[in-house]
Amino acid sequence: MERILILTGAGISAESGLATFRGPDGLWEGHRVEDVATPEAFARDPALVQAFYDARRARLDEVQPNAAHRALARLDREWPGELLIVTQNVDDLHERAGARRVLHMHGELRSAWCLACDARTAWRDGLSSGPACPACGKAGALRPDIVWFGEMPYGMERIEAALREADLFVSIGTSGAVYPAAGFVQTARYAGARTLEINLEPSLGSVWFDEVRTGPAGKLVPGWVEEVLGE
Ligand code: OAD
């Protein structure tokens with residue numbers, strides 16, 4: 001039974017109405033990524049960064065998983081072999097579609113991280129008002145549980161092991177601009193996996209893929225899942 005490792009990025013949530021990071025104007029919801037997604041930005045202007053992520057978190061209430069999320073959730077349910085969905089996305093659309101084997105390497109919008117006690121707590125409201133940490137009671141110490149530029153992605157040991165063991169590596173909706181995720185295809189390939197890219201356009205790393213399918217994820221992913229399930 002093939003071991004499948006799937007990497008997803010912002011492109012898989014685009015058809016749900018969530019903005020990708022590197023849009024045509026080079027901005028993310030009107031901001032340069034560096035101004036809202038670095039620890040330095042948070043140190044310089046915590047109010048701006050908290051307000052930015054509060055808005056992103058609130059937006060999750062307005063969007064739904066799309067056909068690509070649903071197809072991956074179905075694959076997760078029906079694939080009897082090993083499978084892992086590593087997502088760079090901080091939304092919860094994979095889970096809301098029903099996927100269970102999901103690893104959020106860049107953190108999650110609906111999680112808050114306490115800088116005082118290190119606890120992580122499921123969080124749906126805003127953080128701008130400086131609420132108290134449910135674990136230690138300290139007010140004003142919660143930050144978005146998001147991996148910013150310069151910080152260590154989550155789950156790297158598990159991901160590296162899965163990359164080395166994978167028979168099939170599939171990258172969906174990611175530009176290949178941000179490491180370490182952008183390098184996963186090379187690790188998987190040199191360890192012997194077949195590699196497939198599904199993206200609106202060839203990514204920066206498309207030369208590393210055995211096969212590249214270009215088009216919207218909502219259209220291409222369901223068809224690919226049917227192929228894998230042998231239909
Ligand atoms: P990007 O915005 O860099 O890339 C999104 C990719 O999805 C682009 O290559 C688009 O062409 C493609 N795309 C857009 N719509 C699509 C659709 N309907 N179907 C298929 N593909 C589509 O997003 P990521 O690669 O996810 O990190 O960005 C990586 C990381 O950079 C993010 O996780 C984030 C950001 O800074 C952090 O926040 C730490």
Side-chain angles (χ1 to χ4, degrees), residues 6-42 49-50 52-57 59-60 63-72 85-94 97 102-111 113 143-156 159 169-185 196-209 211-225:
I6 299 163
L7 173 69
T8 66
I12 199 169
S13 297
E15 288 159 82
S16 293
L18 295 178
T20 58
F21 295 93
R22 294 168 187 82
D25 53 3
L27 295 179
W28 179 28
E29 302 278 355
H31 295 269
R32 294 193 311 151
V33 175
E34 304 75 39
D35 290 340
V36 288
T38 63
E40 292 78 14
F42 186 58
V49 174
Q50 293 283 23
F52 180 79
Y53 286 97
D54 281 358
R56 306 278 75 71
R57 194 178 303 106
R59 176 88 179 111
L60 292 184
V63 299
Q64 297 296 331
N66 65 54
H69 298 107
R70 288 194 297 274
L72 292 188
I85 300 168
V86 174
T87 187
Q88 299 169 84
N89 296 345
V90 294
D91 65 53
D92 57 354
L93 295 178
H94 283 305
V102 181
L103 191 163
H104 283 271
M105 66 176 289
H106 288 166
E108 294 175 72
L109 278 169
R110 283 185 165 161
S111 173
W113 174 19
R143 61 162 264 188
D145 189 8
I146 303 283
V147 177
W148 287 324
F149 284 94
E151 298 182 325
M152 185 68 83
Y154 295 145
M156 283 308 294
I159 295 169
F169 173 81
V170 186
S171 174
I172 304 171
T174 174
S175 63
V178 175
Y179 282 83
F184 289 173
V185 60
L196 166 67
E197 170 168 278
I198 298 177
N199 206 48
L200 201 56
E201 62 202 349
S203 72
L204 295 171
S206 65
V207 294
W208 297 105
F209 290 88
E211 189 188 350
V212 177
R213 299 185 189 182
T214 50
K219 206 165 148 192
L220 295 184
V221 176
W224 169 70
V225 166

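Heads up: numbering here begins at 1 and tracks the sequence. In each ligand, atom 1 is the first atom listed, and ligand 1 is the first ligand listed. Both backbone and side-chain heavy atoms feed into the values below; hydrogens, waters and symmetry mates do not. Predicted model, so just to flag it, every value in this text is computed and none were measured.
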Taking atom 30 (C) of ligand 1 as the reference point, the nearest protein heavy atom with its distance:
Val178 CG2, 3.8 Å
Among Gly150, Ala181, Gly173, Ala19, which residue places a heavy atom closest to atom 5 (C) of ligand 1?
Gly173
Search all heavy atoms of Ala67 against all heavy atoms of Pro222 and return the closest pair with its distance.
O-CG, 3.9 Å
Asp92 CG to His104 NE2 distance, which is reported to the nearest 0.5 Å
7.0 Å
Sort out for me which residue in Ser171, Ser206, Ser203 forms a side-chain hydrogen bond (donor to acceptor under 3.5 Å, both in side chains) with Glu197.
Ser203
Donor-acceptor under 3.5 Å (Ser16 side chain, Leu18 main chain)
no
Any N/O of Glu15 closer than 3.5 Å to an N/O of ligand 1?
yes
For atom 9 (O) of ligand 1, the closest protein heavy atom turns out to be Asn199 ND2, 2.9 Å
With a 4.0 Å cut-off, would you call Glu201 and Arg213 a salt bridge?
no
Atoms of ligand 1, numbered as shown, that sit under 4.0 Å from any heavy atom of Val147:
37 (C), 39 (C)
Show the atoms of ligand 1 that are less than 4.0 angstrom away from any heavy atom in Val33.
36 (O)
Examine the proximity of ligand 1 to Ala10 and report which part, side chain or backbone, both or neither, has a heavy atom under 4.0 Å away.
both
Can you tell which part of Leu220 has a heavy atom less than 4.0 Å from ligand 1: side chain, backbone, both or neither?
neither
Rounded to the nearest 0.5 Å, how far does CG of Leu103 lie from CG of Leu7?
11.0 Å
Starting from atom 10 (C) of ligand 1, find the nearest protein heavy-atom neighbour and note its residue, name and distance.
Glu201 OE2, 3.9 Å
Atom 25 (O) of ligand 1 has as its nearest protein heavy atom Thr174 OG1, 2.7 Å
Numbering as shown, the atoms of ligand 1 that approach Thr20 to under 4.0 Å (heavy-atom distance):
2 (O)
Between Thr174 and Gln88, does the side-chain hydrogen bond (donor to acceptor under 3.5 Å, both in side chains) criterion hold? Intermediate values first, please.
CA-CA 9 Å; Thr174 174; Gln88 299 169 84; 2.9 Å; yes
Just which atoms of ligand 1 are under 4.0 Å from any heavy atom in Ala14?
15 (N)
To the nearest 0.5 Å, what is the distance between CD1 (Ile172) and CD1 (Ile6)?
5.5 Å
Sub-4.0 Å atoms of ligand 1 with respect to non-hydrogen atoms of Gly215:
19 (N), 20 (C)
Between Asp145 and Tyr154, does any side-chain donor sit less than 3.5 Å from a side-chain acceptor?
yes
Rounded to the nearest 0.5 Å, what separation is found between the CZ atom of Phe42 and the CD atom of Gln50?
4.5 Å
Gap between atom CZ of Arg56 and atom CZ of Arg110 - 0.5 Å precision
13.5 Å
Phe52 and His31 aromatic ring geometry - parallel, tilted or perpendicular at 30°/60° bounds:
perpendicular
Say whether Phe21, considering both its backbone and side-chain N or O atoms, lies within less than 3.5 Å of an N or O atom on ligand 1.
yes
How long is the gap from CG on Asp54 to CG on Leu109, to the nearest 0.5 Å?
10.0 Å
If the plane angle is over 60° it's perpendicular, under 30° parallel, otherwise tilted; pick one for His94 and His69.
perpendicular
List ligand 1 atoms under 4.0 Å from Gly9, heavy atoms only on the residue side.
26 (O)
Ignoring angles and geometry beyond distance, decide whether Phe149 reaches within less than 3.5 Å of ligand 1 through its nitrogen or oxygen atoms.
no
Ranked by distance from atom 19 (N) of ligand 1, the top protein heavy atom is Ala217 N, 2.8 Å
What residue and heavy atom of the protein are closest to atom 21 (N) of ligand 1, and at what distance?
Leu200 N, 3.2 Å
Could you identify the single nearest non-hydrogen protein atom to atom 17 (C) of ligand 1 and state the distance to 0.1 Å?
Gly11 O, 3.3 Å
What protein heavy atom is closest to atom 28 (O) of ligand 1, reported as residue, atom name and distance in Å?
Arg22 NH1, 3.2 Å
Is Ala182 near ligand 1, meaning one of its heavy atoms is under 4.0 Å from it?
no
What do we get for His106 next to ligand 1 when only non-hydrogen atoms under 4.0 Å count, side chain, backbone, both or neither?
side chain
Compute the shortest N/O to N/O distance between Trp148 and ligand 1 and return yes if it is under 3.5 Å, no if not.
no
